[in-house]
Amino acid sequence: MSAIRTRFAPSPTGYLHIGGARTALFAWLFAKSQNGDCLLRIEDTDKERSKDEYTAEIIESFKWLGVEFDNEVVYQSNNSDRYSEIIDQLLDQGSAYICKGEDPETDKEYRDQNLPRDNKTVVRFKMPEEGNTVYEDIVKGQIEVANEQLDDFIIERSDGSATYNLCVVVDDLDSNISHVIRGDDHVNNTFKQINVFKALNKNIPTYGHVPMILGEDGKRLSKRHGALGVREYAGLGILPEALKNYLLRLGWSMGNDEIFTGEDMKKNFQSGILNKSPAIFSMDKLLWFNKYYLDQMSIDQLMDVIKLKDFDGSEYSKTVIETVRDRCSTLNEFITDTDYFFKDPEDYEPSLLLKHCKDNTFNHLSLLKGQLESLEIWEQTHIKEVIDRVVLDLEIGFGKIGLPLRIALTSRVNSPSIDLVCEILGKEITLRRLEKFLTKIQNLKTDQ
RNA sequence: GGCCCGUUCGUCUAGUGGUUAGGACAUCUGGUUUUCAUCCAGGCAACAGGAGUUCGAUUCUCCUACGGGCUACCA
């Protein structure tokens, strides 16, 4: 009888950012953990700022995140007749009044005057003038405000359209919302909405206000400090599971546990607790979660989500992924850190050459190249033996020859073990790159 | 300014009227690694301040400070 039903109600005036995504996750989990439904409602009554493309982006973002809403998406723009109906009812029963839309205090004079409606007037809701409005918040506990603090707020604009605080109540009513889980920027609206429910003589839903997310500098999250859209995290190479897990842990906890997969979340959400205070976003920790989920994936799964032409399912591409996976904490790093496995370095950082190629580097590398050419079994251990021997013979440190070799083959100073890289690349490609590199640094020397 | 809410390591947090205040991320130090990363071991680090209540408060109450939110014919 009292089925759990929640909703997430964004206004399509921008992309879905992580704060909204987290609020939605909590509303969704609250319902799903109790066999309930969670609806998506697009609050597009602000015709100026609402855009269809944002609606599409929001829906896409949730699809990616793996948050699936129930029933049809509700668009407030479709419900204007219904809002007018309720406003008329409120007017008829004396719970609202027509006024000139000046400041709330002067408008109050029209409370009982029955002004004629025209295209200049607005409709205000009559707030109780005495007593308190109190409610029990699921996350914050009891919250109370004196009614004298509350203004008679506008429910119908001069153009005849209904405003937010009225639409919300009507839609929550019509959708049979049992629990309103939303951001705590709405606590003050709750007092207004509760009084509308009362005027309508309807049951008031249970409210739960989750605190906001703050940027890394502790300030309100905005585009300037890291309030990226959900889709942008996807672009950064973050896995949806990781973002979801991180967002959950930002404000929700169950003992000392950190890892919660999609199923774990639903199963345990009721056993955990929601924090009352705002939390600061940390990219470092998100990345840690991302690495964790990356580690759980098989090579085939990785190949599937990376979506790079070079990762074609061949043994070679699998080997590449296997050898670099420890050093990657985002999907994108699999792409940017493996290019040298698929094509010869085109150019080298001049500063790199300058720093690591000294006078005798050419001779050292030439010697090494000669030794590698005559190596019959092209395997890591044998390649390592060759390098070790050359290092020993020349009485130099490994870095004197290993680093230039790494640069020659990969064009960078960090890579997996260079002997392993040689093996994976194969003898032919290794020698080819070495040859090209030798020519390069020889010219470099004659240029000087 | 008014109103509402909040405050445990740098960050996310666990926890209790009596605890060596726990974990995770970050950081630092070792070990592994010829580089980087991974991995392993260890270290540093917190109850905002002041009054009460109490035999005893991080935990309960009040005040202050600080932080966040709201204060639209936006949502």
Side-chain angles (χ1 to χ4, degrees), chain A residues 9-14 42-50 76 99-104 120-124 137 139-141 143-146 148-151 153-165 167-168 182-192 209 211-214 216 218-221 246 248-259 272-273 275-289 291-292 295 324-329 333 337 356 384 387-388 391 397-403 405-407 410 412-419:
Chain A
S11 58
T13 54
I42 302 296
E43 309 216 322
D44 53 356
T45 53
D46 184 343
K47 292 164 201 133
E48 304 287 300
R49 300 195 302 148
S50 298
Q76 286 193 325
C99 59
K100 296 192 171 170
E102 291 157 356
D103 70 86
K120 285 267 177 55
T121 59
V122 301
V123 178
R124 283 190 190 271
D137 194 286
V139 347
K140 307 234 181 206
I143 301 183
E144 181 171 357
V145 74
E148 58 180 346
Q149 296 293 333
L150 274 17
D151 283 336
F153 60 99
I154 293 176
I155 56 178
E156 186 184 276
R157 303 185 183 93
S158 48
D159 68 359
S161 63
T163 62
Y164 170 73
N165 282 114
C167 300
V168 169
R182 65 200 342 180
D184 72 1
D185 48 338
H186 284 292
V187 284
N188 289 290
N189 288 326
T190 307
F191 303 118
K192 299 177 186 171
H209 288 94
M212 313 261 82
I213 299 179
L214 271 28
E216 308 226 28
K219 290 273 161 36
R220 182 184 173 59
L221 203 56
Y246 174 66
L248 174 75
R249 284 289 293 106
L250 208 52
W252 179 90
S253 61
M254 190 181 76
N256 283 330
D257 296 346
E258 294 284 350
I259 302 297
I273 44 175
N275 230 77
K276 297 179 184 184
S277 44
I280 294 174
F281 180 84
S282 162
M283 192 64 191
D284 281 337
K285 191 141 188 188
L286 206 212
L287 252 15
W288 178 80
F289 274 107
K291 177 93 179 90
Y292 173 84
D295 286 347
V324 301
R325 66 180 303 167
D326 275 349
R327 47 211 314 125
C328 297
S329 62
E333 284 167 354
D337 292 358
H356 298 290
K384 178 172 163 40
I387 299 174
D388 285 346
V391 165
F398 176 88
K400 289 273 192 297
I401 194 163
L403 221 39
L405 176 61
R406 172 170 288 122
I407 293 170
T410 71
R412 62 195 77 199
V413 283
N414 298 321
S415 80
S417 286
I418 198 60
D419 42 17

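Naming: A, B, ... by sequence-line order, numbering from 1 per chain.
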*Contact class for A:P416 vs. all strands (heavy atom < 4.0 Å): base, sugar-phosphate, or nothing?*
base

message: When the P atoms of B:G15 and B:U59 are compared, how many Å lie between them, rounded to an integer?
response: 16 Å

| message | Would you measure the distance from the P atom in B:C25 across to the matching atom in B:U38 and give it in whole Å? | response | 11 Å

Checking N1-N3 plus N6-O4 or O6-N4 for Watson-Crick, or N1-O2 and O6-N3 for wobble, each under 3.5 Å, the partner of B:U38 is none

What is the nucleic acid contact for A:V122, judged by heavy atoms within less than 4.0 Å: base, sugar-phosphate only, or nothing? base

inquiry  = Please tell me if A:T45 has a side-chain N or O lying less than 4.0 Å from either OP1 or OP2 of B:A75.
reply    = yes

- request: For A:R412, report the nucleic acid contact type (base, sugar-phosphate, nothing); a contact means any heavy atom under 4.0 Å.
  value: nothing

field: Chi angles and distances behind the ring-ring contact (aromatic ring centres under 6.0 Å, His included) call for A:Y292, A:Y246
entry: CA-CA 11 Å; A:Y292 173 84; A:Y246 174 66; over 10 Å; no

Check your understanding: Are side-chain N/O atoms of A:D284 and A:S282 paired as donor and acceptor at under 3.5 Å?
Key -> no

Between A:I387 and A:C328, whichever has its closest RNA chain B nucleotide further toward 5' is A:I387

Problem - B:C12 versus B:G67 - spacing of their P atoms, nearest Å - result: 16 Å

Under 4.0 angstrom, heavy atoms only, what part of the nucleic acid is A:L403 near: base, sugar-phosphate, or nothing? nothing

>> How about CD on A:E144, more than 12 heavy atoms from neighbouring residues, nucleotides or ligands closer than 6.0 Å, or not?
In response: yes

List every contact pair, protein side and nucleotides 8-15 of chain B side both N or O, where the distance is under 3.5 Å.
unit_1	atom_1	unit_2	atom_2	d
B:C12	OP1	A:I280	N	3.0
B:C12	O2'	A:R249	O	3.0
B:U13	OP1	A:G251	N	2.7
B:U13	O3'	A:S253	OG	3.0
B:A14	OP1	A:S253	OG	2.7
B:A14	OP2	A:N275	OD1	3.4

Separation of the P atoms in B:A57 and B:G52, to the nearest angstrom: 11 Å

**Asked** So what does A:S50 touch, heavy atoms closer than 4.0 Å: a base, only the sugar-phosphate, or nothing?
**Response** nothing

### Query
Run the salt bridge (Lys or Arg N to Asp or Glu O under 4.0 Å) check on A:E258 and A:K285 step by step: do they pass?
CA-CA 11 Å; A:E258 294 284 350; A:K285 191 141 188 188; 3.4 Å; yes

Ring centres of A:F191 and A:H186 under 6.0 Å apart? no

B:G43 to B:U7 separation - C1' atoms, rounded to the nearest Å
28 Å

- Answer yes if the side chains of A:T190 and A:R182 hold a donor-acceptor pair under 3.5 Å, and no otherwise. yes

At less than 3.5 Å, do the side-chain atoms of A:N189 and the base atoms of B:A75 form a donor-acceptor pair? yes

Can you confirm whether A:H356 sits close enough to A:V413 that some side-chain heavy atom of one is under 4.5 Å from a side-chain heavy atom of the other? yes

Re B:C62: Watson-Crick or G-U wobble partner, both distances kept under 3.5 Å, found to be B:G50

Mind checking the C1' distance from B:U19 to B:C28? Whole angstroms is fine. 27 Å

Query raised in the report: If we take the P atom in both B:A72 and B:U16, what is their distance in whole Å?
Result: 41 Å

For this session: For A:H186, report the nucleic acid contact type (base, sugar-phosphate, nothing); a contact means any heavy atom under 4.0 Å.
Result: base

* To do: For B:G10 and B:A46, measure between their C1' atoms and round to the nearest Å.
  => 10 Å

Sugar-phosphate, base or nothing in reach of A:E156, heavy atoms under 4.0 Å:
nothing

A:S417 has its side chain closest, among B:U35, B:U38, B:C3, to B:U35

